[in-house]
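Below is one structure; the comments refer to it alone.
Atoms considered below: every heavy atom in the structure, side chains included; atoms not considered: hydrogens, waters and symmetry mates. A, B, ... follow the sequence lines: proteins, then strands. Residue 1 opens every chain.
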Protein chains: 2
Amino acid sequence: MVTRREVAVLAGVSEATVSRVFNGLGPMKPETRDRVLQAAKELDYHPNAIAQSFARRRSGNLGVVLPYMPKVHLFSAYYFSEILSGIGEEVKEHGYDMLLTLLSPDEHIDYTHMHRSQKVDACVILGSQDTPEQRESLLQLHEQGFPFCLVNQHFEGMALHEVDADHVHGSLLAVRHLLEEGCRHVAFLNGSPLYSNSKDRHEGYRKAMQEAGLEISPSWLLEGNYSRKSGYEAADKLWELRHEVDAVFAANDRMAIGLIQGLRERGWIAGRDFAVVGCDDSDAAKLSDPPLTSISVPFYEMGRAAARSVLARVTGSEQEDGLVQLKLPTGLMVRQSSRRNS
Amino acid sequence: MVTRREVAVLAGVSEATVSRVFNGLGPMKPETRDRVLQAAKELDYHPNAIAQSFARRRSGNLGVVLPYMPKVHLFSAYYFSEILSGIGEEVKEHGYDMLLTLLSPDEHIDYTHMHRSQKVDACVILGSQDTPEQRESLLQLHEQGFPFCLVNQHFEGMALHEVDADHVHGSLLAVRHLLEEGCRHVAFLNGSPLYSNSKDRHEGYRKAMQEAGLEISPSWLLEGNYSRKSGYEAADKLWELRHEVDAVFAANDRMAIGLIQGLRERGWIAGRDFAVVGCDDSDAAKLSDPPLTSISVPFYEMGRAAARSVLARVTGSEQEDGLVQLKLPTGLMVRQSSRRNS
DNA sequence: TTGTAAGCGTTATCAT
DNA sequence: ATGATAACGCTTACAA
């Protein structure tokens, strides 16, 4: 590989000058600059990124931590795809690279390792859950002063940087919409409360029912694990409630679709016999039959915002704005599953 | 940050000894070893990965190149998610990290940059297309001796490392299955011929029809761009062929589903009035109505195999086995869309 | 405007 | 079994 030294020799300048040219630093004769560039071109020189990182004491990498997901292969969810794309777009603009870390099932979550090894300058954490173990890990990371940002997860009582979506409001919209469609008995298929967004949705659901002066029967509160299968299984329970329930709000599209499939097998058709709203407005919502009304969440923008905030702190490109706790707006995409014709 | 030096001082040994302990090199007194480990623990020392990379002249990173996809946010396809997961799993076992590169729309494809900058030791390239420009880029990469592996793409006439799936056979299975279901007039909704797998599927389709002694009408050959929308649009053309066609083989699930949706709007129901088989056996196939019969492709394993082959060359952990050109087996997942009851 | 030289934190090769 | 020491290719004061 061609090094700076060879370029310096060919251009008849010092190595430092070559560096200056490549970093656009200090004043310099255009002529020298050209000679260096010419020499570099001739030799096909490219600065060694690792050596640069080493000298700058900065890796130029943004870590992206992905949770372990059993069974389901890791990225299979729309959710992660969108967030990753957003992060990717943002890092590119900062001249950074994305270093992916897939968490293992067992390995006791040690967020601090990548920090310690200094292979990343900061990181964005996806899919974290609110467990004592993870709280502990994150607290450590934070105390060590390592810049990181959580996406789509909030830890109550901890002042961590995070980019979330307004799931409370989204759910409020969803349930209000169902009520406007004439439903009165709305069941709720939620996900694990280890995710703050599950709790947020629950709150939105409650609010909407409350403002309409409607009672919620405890039996209407179901829990799945965000998989299609869990939605399919929830159909059992919903079938038993068929005489007292006329709508379902599900915490993601996949569960909503599983539920629709399960109930269809019993002749109960979404968008006709009962209304359904899902969450995420993922691809699946458009593929489903009937097309699924869903809460849209700006995952792509969330990824971008998280990367931006964390890189700003690292590169000092923007002033420190203290704690970043964004909550991006959610919306409602109405399709046919939320109708009720019977 | 704690450096090796401080550990050496505290342990009362030389810096070299600290390195030896951490790299498990050479013979050494257990006692010295313990003293070093103890000191490291006390100081919470972790080797600086960048410095290691620099000294070893090896980044420890595997580059993963993702194509630019207009409109559709990058990872939104099942396809990439699976492959990425496979690569991720494999690199972890080699102590490597994944460095993601998202190609920009315009930037004239320069695969060689990441190589030149030496930020990755090798790479896996996803979603490449067979254009003169890309052939040129890849040829350059190859001539420079940079280790890389293509996934799910074959360049005829070029001896490049690649991990592909047996799309010809998969398509053969698909069409044979349709014929066994009693279909005789099978249309084919293919993707762009810039992807070798499109051409492979075409071949499998031809073979199957040929071995059954069936003619293929040129009007049955449709082309989409792998999006649901393009499948939906193809429904127009298929509708016109409704009296001469009784089945469709689509080159991916999303197009198949779009097609099914488009035809349903005209009252032509998949799995009843005509049969459909898709490709990829993605999540969408299970979400669709009716559930979609599809060709399964081991994307996860393909990612793994590609990463493995390329890392083997880098780390010398396995003997050089010359040109790696794998073709992993595909299968048929029968669901309800391929029935024909009318 | 350009050159000199001191790091950066390791690895790896010699000695001892 | 352990210690010196020369790389590694760059950034960045400081000097000139």
Practice prompt. Using a heavy-atom cut-off of under 4.0 Å over every strand shown, decide if B:Y45 touches base, sugar-phosphate, or nothing.
Written response: sugar-phosphate
Practice prompt. Determine, step by step, whether B:Q325 and B:H161 satisfy the side chain to side chain donor-acceptor pair (under 3.5 Å) criterion, reporting the C-alpha distance in whole Å, the side-chain angles of both residues, the deciding distance to 0.1 Å, and the verdict.
Written response: CA-CA 6 Å; B:Q325 295 207 140; B:H161 297 272; over 6 Å; no
Worksheet item: Base, sugar-phosphate, or nothing for A:S19, non-hydrogen atoms under 4.0 angstrom?
Response: base
Worksheet item: For A:R20 and D:dT12, what is the distance between atoms CZ and P respectively, to the nearest whole Å?
Response: 11 Å
Discussion item. Quick check, does B:F54 stack with D:dC8? I mean ring centres under 5.5 Å and planes off by under 30°.
Written reply: yes
Item to complete: Could you tell me whether A:D97 and A:K92 have a side-chain N and a carboxylate O separated by less than 4.0 Å?
Response: no
Worksheet item: Which heavy-atom pair separates A:F148 from A:R313 by the least distance, and what is that distance?
Response: O-NH2, 3.7 Å
Worksheet item: Looking at B:T17, does any N or O in its side chain come under 4.0 Å of the phosphate oxygens OP1/OP2 on D:dG3?
Response: yes
Practice prompt. Whole angstrom is fine here: how far is it from CZ in A:R33 over to P in C:dT2?
Written response: 12 Å
Item to complete: Would you kindly compare A:E15 and B:K29 by the position of their nearest DNA chain D nucleotide and give the one closer to the 5′ end?
Response: B:K29
Worksheet item: What is the nucleic acid contact for B:S53, judged by heavy atoms within less than 4.0 Å: base, sugar-phosphate only, or nothing?
Response: nothing
Discussion item. For D:dC8 and A:T3 - does any side-chain N or O of the residue sit under 4.0 Å from the phosphate oxygens OP1/OP2?
Written reply: no
Worksheet item: Rounded to whole angstrom units, what separation is found between the CD atom of B:E6 and the C1' atom of C:dT10?
Response: 14 Å
Worksheet item: What is the distance from CZ of A:R57 to C1' of C:dT10, rounded to the nearest Å?
Response: 14 Å
Practice prompt. Specify the separation, in whole Å, of atom CD1 of B:I50 and atom P of C:dC8.
Written response: 16 Å
Discussion item. Using heavy-atom distances to pick each residue's nearest nucleotide on DNA chain D, tell me which of B:M28 and B:Q118 is more 5'.
Written reply: B:M28
Worksheet, complete the sentence: Whole-Å distance, A:R5 CZ to D:dG9 P, equals 11 Å
Worksheet entry | Derivation of the side chain to side chain donor-acceptor pair (under 3.5 Å) call for A:N152 and A:Y195 | CA-CA 9 Å; A:N152 205 32; A:Y195 298 106; over 6 Å; no
